[in-house]
Amino acid sequence: MLRRREPVPFAFVAEADRFRSNVAPPPRESLSKAQLAARSLVGLTVVAGLAGSLLFGVPALQPHRAPATSQQSEAVQGR
């Protein structure tokens, strides 16, 4: 059984699902060598930054181990 569509206040909205354009979008322009090199350099910089943050950040997240011998300052010993 066919269902009737609900009325739409604007006619162009009701016809939008049937509309097809015969105009194709323009083709994408190819990247120049300078643009390609710049994008590669930015990507490499981001990856190097993430790797560096992991390199320095992971040891900082490790639990701190207290030294076997307790070191105290001379001020504490004089009390």
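For this chain, numbers begin at 1 and follow the sequence in order.
With rounding to the nearest 0.5 Å, the separation of CG in Leu41 from CG in Leu36 is 11.5 Å. Within the model, atoms CG of Leu54 and CG of Leu61 stand 9.5 Å from one another, a figure rounded to the nearest 0.5 Å.
Counting heavy-atom neighbours within 6.0 Å of Gln62 CD, excluding the residue itself, gives a total above 12.
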